[in-house]
Asks: 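Pasting a structure here, questions to come.
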Amino acid sequence: MIGMQYTIQLPADYDMNIIYDRVQQNGHKTDGYAGLLFKAYLVSVKGSYGQLSNSYCPLYVWNHQDGIHSFLFDGPYDSILQSFGWQHVQIGIPMELPLSQPSILAQSESHRDNKGRHLTLTAERLQQARYVIEYIGSIQPARSLQEVPNAIARHLQAQGLEPLALHHQGQLLIYNPDKWAYHQFYFVETVPESVPDCCNVYTILHWSFGVEA
């Protein structure tokens with residue numbers, strides 16, 4: 001599986017209704033997209049939930065690279081280029097998988113695979129989330145990486161994110177060994193009264209779930 005996201009920073013006085021209308025009119029185009037596990041259409045709004053800027057930053061998880069190739073090079077991504085210009089597309093590897101496999105609708109009970117990764121969510125449960133809370137961390141140099149997953153868990157707890165870990169519709173951890181960074185996403189129905197300043201808060205405008213290619 002492959003995580004993908006691009007963040008389009010928008011001016012402070014940008015009319016966010018343009019983005020809302022865009023997603024309302026076009027979000028369905030990635031429903032049932034071959035090779036896609038899910039796409040969450042995310043926005044942040046300046047002044048809302050303490051956010052400092054407006055942005056449009058869709059988050060994808062792909063089952064395999066063929067879906068990415070098709071999305072980027074067969075035309076769908078051209079609409080982003082034509083509307084917002086050249087963007088850097090971030091790629092990462094999911095460590096905690098947000099949907100059960102092989103069928104995203106097959107399971108509703110939480111369990112772990114033999115690597116300890118969470119395979120806990122169904123599409124039905126994930127769609128109940130209306131917001132995403134993101135924490136960005138770094139993986140520090142070490143002589144061994146075997147303890148990194150546990151170190152990340154301890155660090156998230158130290159940042160005061162434990163309540164989010166206990167009350168969410170799903171969570172996703174994506175790491176990037178090129179930059180040695182990770183993004184922890186919590187999918188929630190409501191935004192807690194107190195969100196740590198270290199976090200970004202996004203509103204989910206639309207969910208798309210794909211199909212195996």
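For clarity, every value in this text was computed on a predicted model and none was experimentally measured.
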Asks: According to a 4.5 Å side-chain heavy-atom criterion applied to Ile, Leu, Val, Met, Phe, Trp and Tyr, with indirect links allowed, do Ile19 and Ile8 form part of one hydrophobic cluster?
Replies: yes
Asks: Taking all non-hydrogen atoms of both residues into account, name the closest pair between Lys46 and Ala12 and its distance.
Replies: NZ-CB, 3.6 Å
Asks: Could you verify whether a donor N or O on one side chain and an acceptor N or O on the other, from Gln90 and Gln5, lie under 3.5 Å apart?
Replies: no
Asks: I'd like to know if the side chain of Tyr175 and the backbone of His183 have a donor-acceptor N/O pair within less than 3.5 Å.
Replies: no
Asks: Counting only heavy atoms not in Gln24 (residues, nucleotides, ligands), do more than 12 fall under 6.0 Å from its CD?
Replies: no
Asks: To the nearest 0.5 Å, tell me how far Cys198 SG sits from Glu134 CD.
Replies: 10.5 Å
Asks: Answer yes or no: is there a side-chain heavy-atom contact under 4.5 Å between Ile2 and Val61?
Replies: no
Asks: Report whether Leu156 and Val188 are members of the same hydrophobic cluster (ILVMFWY, side-chain heavy atoms less than 4.5 Å apart, transitive linking).
Replies: yes
Asks: Before giving the answer on side-chain hydrogen bond (donor to acceptor under 3.5 Å, both in side chains), spell out for Gln171 and Gln184 the whole-Å C-alpha distance, their side-chain angles and the decisive distance to 0.1 Å.
Replies: CA-CA 7 Å; Gln171 60 181 319; Gln184 174 70 43; 3.0 Å; yes
Asks: Would you kindly confirm whether Leu37 and Val89 end up in one hydrophobic cluster when ILVMFWY residues are joined by side chain heavy atoms under 4.5 Å apart?
Replies: no
Asks: Do the side chain of Asn176 and the main chain of Gly92 share a donor and acceptor less than 3.5 angstrom apart?
Replies: no
Asks: Counting N and O atoms only, with roles assigned by atom type, does the side chain of Ser208 sit under 3.5 Å from a partner on the main chain of Lys29, one being a donor and the other an acceptor?
Replies: no
Asks: Distance alone, cut at 3.5 Å: any donor-acceptor contact between the side chains of Gln9 and Thr7?
Replies: no
Asks: Side-chain contact test, heavy atoms from C-beta onward, threshold under 4.5 Å: evaluate it for Ser83 versus Arg22 and give yes or no.
Replies: yes
Asks: Given Asp31 and His206, is the side-chain hydrogen bond (donor to acceptor under 3.5 Å, both in side chains) satisfied, shown in steps?
Replies: CA-CA 10 Å; Asp31 295 349; His206 179 74; 3.0 Å; yes
Asks: Does any non-hydrogen side-chain atom of Gln159 lie less than 4.5 Å from one of Tyr135?
Replies: yes
Asks: May I ask you to decide if the ring planes of Tyr60 and Tyr6 are parallel, tilted or perpendicular, using 30° and 60° as cut-offs?
Replies: tilted
Asks: Are Met4 and Leu205 co-members of a hydrophobic cluster defined by side-chain heavy atoms under 4.5 Å apart?
Replies: yes
Asks: Is there a path of hydrophobic side-chain contacts, each under 4.5 Å between heavy atoms of I, L, V, M, F, W or Y residues, that connects Phe73 with Tyr33?
Replies: yes
Asks: Using 0.5 Å steps for rounding, measure from the CG atom of Leu81 to the CG atom of Asp78.
Replies: 5.5 Å
Asks: Among Asn63, Ile174, Ile93, whose side-chain contact (heavy atoms from CB on, under 4.5 Å) with Met1 holds?
Replies: Asn63
Asks: Which pair of heavy atoms, one from Gly32 and one from Val211, lies closest together, and at what distance?
Replies: O-CG2, 3.3 Å
Asks: Of all heavy-atom pairs between Gly160 and Pro196, which one has the smallest distance, and what is that distance?
Replies: O-CG, 4.0 Å
Asks: What are the two closest non-hydrogen atoms of Tyr56 and Leu10, and how far apart are they?
Replies: N-CD1, 4.1 Å
Asks: How many angstroms lie between CH2 in Trp62 and NE2 in His64, if you round to the nearest 0.5 Å?
Replies: 9.5 Å
Asks: Measure from the side-chain N and O atoms of Ser55 to the backbone N and O of Cys57, and report whether any donor-acceptor pair falls under 3.5 Å.
Replies: no
Asks: At their closest point, which heavy atom of Cys199 faces which heavy atom of Ile133, and how far apart are they?
Replies: CB-CG2, 3.8 Å
Asks: Are any non-hydrogen side-chain atoms of Ile152 and His155 less than 4.5 angstrom apart?
Replies: no
Asks: Below 4.5 Å, heavy atoms only, C-beta onward: do Ile80 and Gln87 meet side chain to side chain?
Replies: yes
Asks: To the nearest 0.5 Å, how far apart are OG1 in Thr190 and CD in Glu193?
Replies: 9.5 Å
Asks: Tell me whether Glu189 contacts the main-chain N or O of Arg130 through its side chain, where contact means a donor paired with an acceptor under 3.5 Å.
Replies: no
Asks: Assess whether atom CG of Asp197 is packed by more than 12 heavy atoms of other residues, nucleotides or ligands within 6.0 Å.
Replies: no
Asks: State, to 0.1 Å, how close Pro58 and Lys39 come at their nearest heavy-atom pair, and which atoms those are.
Replies: CB-CE, 3.7 Å
Asks: Tell me which one of Tyr49, Tyr186, Phe187, Tyr202 satisfies ring-ring contact (aromatic ring centres under 6.0 Å, His included) with Tyr131.
Replies: Tyr49
Asks: May I ask you to test the Pro94-Leu172 pair for a side-chain heavy-atom distance under 4.5 Å?
Replies: yes
Asks: Could you tell me whether the side chain of Asn54 and the main chain of Val45 form a donor-acceptor pair under 3.5 Å?
Replies: no
Asks: Check whether any side-chain heavy atom of Val201 lies under 4.5 Å from a side-chain heavy atom of Val195, and answer yes or no.
Replies: yes
Asks: Please determine whether side-chain contact (heavy atoms from CB on, under 4.5 Å) holds for the pair Phe209 and Leu36, giving the CA-CA distance in whole Å, both sets of side-chain angles, and the decisive distance to 0.1 Å.
Replies: CA-CA 7 Å; Phe209 294 90; Leu36 178 69; over 6 Å; no
Asks: Determine, step by step, whether Gln140 and Ser138 satisfy the side-chain hydrogen bond (donor to acceptor under 3.5 Å, both in side chains) criterion, reporting the C-alpha distance in whole Å, the side-chain angles of both residues, the deciding distance to 0.1 Å, and the verdict.
Replies: CA-CA 6 Å; Gln140 299 301 313; Ser138 61; 2.7 Å; yes
Asks: Mind checking whether Tyr182 and Leu173 have side chains closer than 4.5 Å, heavy atoms only?
Replies: yes
